[in-house]
Amino acid sequence: MIRKKAVVSINECVACGCCLKVCPRNAISIPAGIHSVIKHELCVGCGKCVKECPASVISLEVIEE
Amino acid sequence: MNRKKKWYDYLWLVSLTYLILGFFNILFAWLGLFCFFIPLLIAIINGNKAYCNKYCGRGQLFALIGGRFGLSSKKDIPKWLKSKTFRYGFLIFFLTMFCLMLWNTYLVFAGNNDLNMIVTLLWTFKLPWHWVYHGMLFSAGVAQFAFGFYSVMLTSTVLGLLTMILFKPRSWCVYCPMGTMTQLICQAKNRNTTQEN
Ligand code: SF4
Ligand code: SF4
Ligand code: SF4
């Protein structure tokens, strides 16, 4: 099955947390204050975080399962 | 935004009130020290950016004005603005200007300089701001710090609003010195644990 999931470019992430505020599935966390971490098993690929991220460092990528 | 609103989702009201109070009595500017020390303490003690992620009213304010009120073009921020060079450079510049402000405050405390009742916007434009000072019981240095600190807060708000309009609502968070500083602290503190992610 082919699905789209959100992927963060962790080196560019500023850990602001804008993404986790908009995720409807609570799939995002910033455990160590350095970059966000997205739980792929929760992500439904809605793209809200992609739109919100002020640094534009999240993208939807096709992940084959 | 299915999440239930919590008390800390309304902290933008505090940020807004803070900015407004500075137009009435400059001494309120001292309260801004909270949004200086709280994020640093959280980063140092807990090793995370909970301040940015949850509590920061300024970020919420930009999200509200830019997002809900639609005053943002929602374009991607240019590459150079999110580069580490610019972010760290801006942090250094910001801290340097901050130290200069502290030095000026010291000079007034020490009696070398007279109280200068201005708010300096963008480190350049000196705005007369004398109506907010009603004379007082403390040393003039106390007021000088308030003018200086309010200048910092107003400047960062203006810059934040500018990048909010040009790019995404919370673009300020990309180069916000507090955000960069807390991220650096977390990096130093959690150096050993991050590889696991
Ligand atoms: S919104 Fe973007 S920069 Fe901010 S924490 Fe999420 S991925 Fe990182
Ligand atoms: S794409 Fe949607 S579900 Fe997936 S992390 Fe982003 S906001 Fe959450
Ligand atoms: S980066 Fe700055 S403005 Fe943004 S949430 Fe953090 S402290 Fe607030």
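Chain letters run A, B, ... following the sequence lines, proteins first and then strands; every chain starts at 1.
Atom OG in A/Ser56 sits 10.0 Å away from atom NZ in B/Lys79 (nearest 0.5 Å). Atom CD of B/Gln187 and atom NE2 of A/His35 lie 9.0 Å apart (nearest 0.5 Å). To the nearest 0.5 angstrom, B/Lys189 atom NZ is 11.5 Å from A/Ile34 atom CD1. Note: B/Arg170 CZ to A/Cys16 SG = 5.5 Å, rounded to the nearest 0.5 Å.
Put simply, of A/Gly17, A/Cys53, A/Ala15, the one with the most heavy-atom pairs under 4.5 Å next to chain B is A/Ala15. For the set B/Leu81, B/Thr182, B/Asn48, B/Val174, the entry with the most heavy-atom pairs within less than 4.5 Å of chain A is B/Val174.
In this structure, B/Phe28 places its CZ atom where only 12 or fewer heavy-atom neighbours from other residues, nucleotides or ligands lie under 6.0 Å away. With a 6.0 Å radius and a threshold of 12 heavy atoms from other residues, nucleotides or ligands, B/Phe93 has its CZ atom above the threshold. With a 6.0 Å radius and a threshold of 12 heavy atoms from other residues, nucleotides or ligands, B/Asn112 has its CG atom above the threshold.
Residues B/Val108 and B/Ile26 do not share a hydrophobic cluster, defined by chaining ILVMFWY side chains whose heavy atoms lie under 4.5 Å apart. B/Ile92 and B/Phe98 fall into different hydrophobic clusters, where Ile, Leu, Val, Met, Phe, Trp and Tyr are joined by side-chain heavy atoms under 4.5 Å apart, directly or via other members. Hydrophobic clustering places B/Leu95 together with B/Phe86 (ILVMFWY residues linked when any side-chain heavy atoms are closer than 4.5 Å, directly or through intermediates). Cluster annotation: B/Phe34 and B/Val142 are assigned to the same hydrophobic cluster (Ile/Leu/Val/Met/Phe/Trp/Tyr, side-chain heavy-atom contacts under 4.5 Å, transitive). In the hydrophobic cluster analysis, where Ile, Leu, Val, Met, Phe, Trp and Tyr join through side-chain heavy atoms closer than 4.5 angstrom, B/Met181 is grouped together with B/Leu159.
For a residue to count as touching a neighbouring chain, one of its non-hydrogen atoms must lie under 4.5 Å from one of that chain's; by this rule B/Lys54 touches chain A with the backbone only. For chain B, no part of A/Cys19 is nearby; none of its heavy atoms comes within less than 4.5 Å.
The heavy-atom pair separating B/Lys82 from A/Val57 by the smallest distance is NZ-CG1, 4.2 Å. Closest non-hydrogen pair, A/Ala32 versus B/Cys186, comes out as O-CB, 3.1 Å.
Proximity of a side-chain donor or acceptor of B/Gln183 to a complementary backbone N or O of A/Cys13 within less than 3.5 Å is detected. Although no hydrogens or angles enter the test, the distance criterion places a donor-acceptor pair under 3.5 Å between the side chain of B/Lys168 and the main chain of A/Lys51.
No side-chain heavy atom of A/Val14 sits under 4.5 Å from any side-chain heavy atom of B/Thr180. Side-chain contact between A/Lys21 and B/Gln60: present, with at least one pair of heavy atoms (C-beta onward) separated by less than 4.5 Å.
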